[in-house]
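Working notes, beginning with the structure itself.
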Amino acid sequence: MREELILLKQRALQNLAQSQNLDDLNELRVKFLGKKGELTQILRGMAGLSPEERPTIGKLANEIKEDLEREFSQKTIELKQQLKSQKLEKEWIDVTIPSKIVLGHKHPLTLIMDEIKEIFVGLGYEVVEGPEIELDYYNFEALNTPKDHPARDIQDTFYITDEILLRTQTSPVQIRTMEKRKPPLKIIAPGRVYRSDAVDATHSPMFHQVEGLTIGEDITMSDLKGTLEIFAREMFGQDRKSRFRPHYFPFTEPSAEMDISCIACHGEGCRICKYTGWLEILGCGMVHPNVLENVGYDPERVNGFAFGLGIERIAMLKYDINDMRLFFENNLRFLEQF
Ligand code: DAH
């Protein structure tokens with residue numbers, strides 16, 4: 001029996017040395033040391049031993065059992081450690097690699113819109129909105145635009161019915177605001193407008209405008225010029241020069257277009273200003289007395305000025321963009337630059 005025990009120990013240790021994973025190891029533990037394992041089998045033979053032999057064999061058996069158990073736990077620890085370092089080796093992460101976190105951000109047109117709003121809010125203007133689906137009355141009639149005016153042509157305007165259309169300008173918000181409120185007023189009205197234009201580098205059937213309206217007593221053309229000059233300098237830089245050219249709009253009299261000195265060449269003449277040194281940025285004028293009458297104001301007592309500008313145009317000038325389609329195509333390589 002002593003021999004059997006010693007042989008068992010040897011075999012167990014040999015097997016142990018060869019086992020490569022925790023499953024093998026468990027199997028071996030059961031095979032040699034389990035309840036029905038080989039050691040138990042051998043110890044069953046104890047009954048046939050003489051009383052003198054029993055204590056020594058018993059002691060030996062216990063020693064072997066303890067030895068083997070120690071070896072098994074030792075080996076278990078080793079294997080676990082091995083597994084862990086293998087895993088660490090395989091799954092390492094280089095925390096020093098620079099990461100690229102892409103955050104969402106505002107569209108360039110929204111940035112320009114926000115900037116314009118901030119400037120006028122700083123000048124005491126209030127931001128209001130009006131509908132994009134509009135009545136002919138607000139878009140044209142009340143704005144002193146006669147029935148035979150070319151802007152009312154079906155070529156230029158998206159009509160829904162004879163009387164309902166997609167607004168071609170933000171100017172109808174002037175009428176809607178004045179109808180609802182009493183003077184004095186200082187409002188801007190940003191929003192989408194629609195025109196029946198084919199898409200190209202400078203045209204889009206949908207684009208954005210900001211309308212402005214000031215109504216009070218004894219408002220003059222100097223108020224208009226002062227306000228818009230402040231705006232142009234805030235928007236395009238303090239050294240910006242501006243000039244006003246006579247123009248025609250049905251809803252203002254007199255009317256003008258405002259130019260700023262070219263932001264690229266500062267008036268020298270270049271590709272962007274088409275070698276004139278000037279860039280047109282908006283339309284404006286003193287509100288026509290007929291418009292004031294249409295909303296029930298007395299043109300003898302109140303007057304004011306109005307202006308309207310195209311957001312896409314301002315954004316193209318400010319960011320030196322030569323194709324309006326870029327704003328609407330949502331190509332990330334374009335948008336990510338802002
Ligand atoms: N509504 C005009 C347009 O779409 C722009 C404009 C010009 C608005 C003069 C105004 C203004 O309020 O006074 O071209």
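Every number for a ligand or one of its atoms is a count from 1 in the order of the listing.
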Exercise answer: donor-acceptor pairs, residues 79-92 side-chain atoms, under 3.5 Å, sequence neighbours excluded:
from, atom 1, to, atom 2, distance (Å)
S85, OG, Q81, O, 3.1
S85, OG, Q82, O, 3.1

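Between D320 and R271 there is a salt bridge, since a side-chain N of the basic residue sits under 4.0 Å from a carboxylate O of the acidic one. At a threshold of 4.0 Å, the pair E126-R181 counts as salt-bridged, since one of the basic side-chain nitrogens sits closer than that to a carboxylate oxygen.
Counting non-hydrogen atoms of other residues, nucleotides and ligands closer than 6.0 Å to CG of D239 gives a total above 12.
Remark: R176 is positioned above the aromatic ring of Y138, its terminal NZ or CZ atom under 6.0 angstrom from the ring centre and at most 45 degrees off the axis.
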Would you tabulate the polar-atom pairs, meaning N/O of ligand 1 against N/O of the protein, with distances under 3.5 Å, reported to 0.1 Å?
from, atom 1, to, atom 2, distance (Å)
ligand 1, 1 (N), Q169, OE1, 2.8
ligand 1, 1 (N), S171, OG, 3.0
ligand 1, 4 (O), R195, NH2, 2.9
ligand 1, 4 (O), Q209, NE2, 2.9
ligand 1, 12 (O), Q174, NE2, 3.0
ligand 1, 12 (O), E211, OE2, 2.6
ligand 1, 12 (O), F307, N, 3.4
ligand 1, 12 (O), F307, O, 3.3
ligand 1, 13 (O), A306, O, 3.2

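Side chain to side chain, R195 and T168 fail the donor-acceptor criterion of an N or O pair below 3.5 Å.
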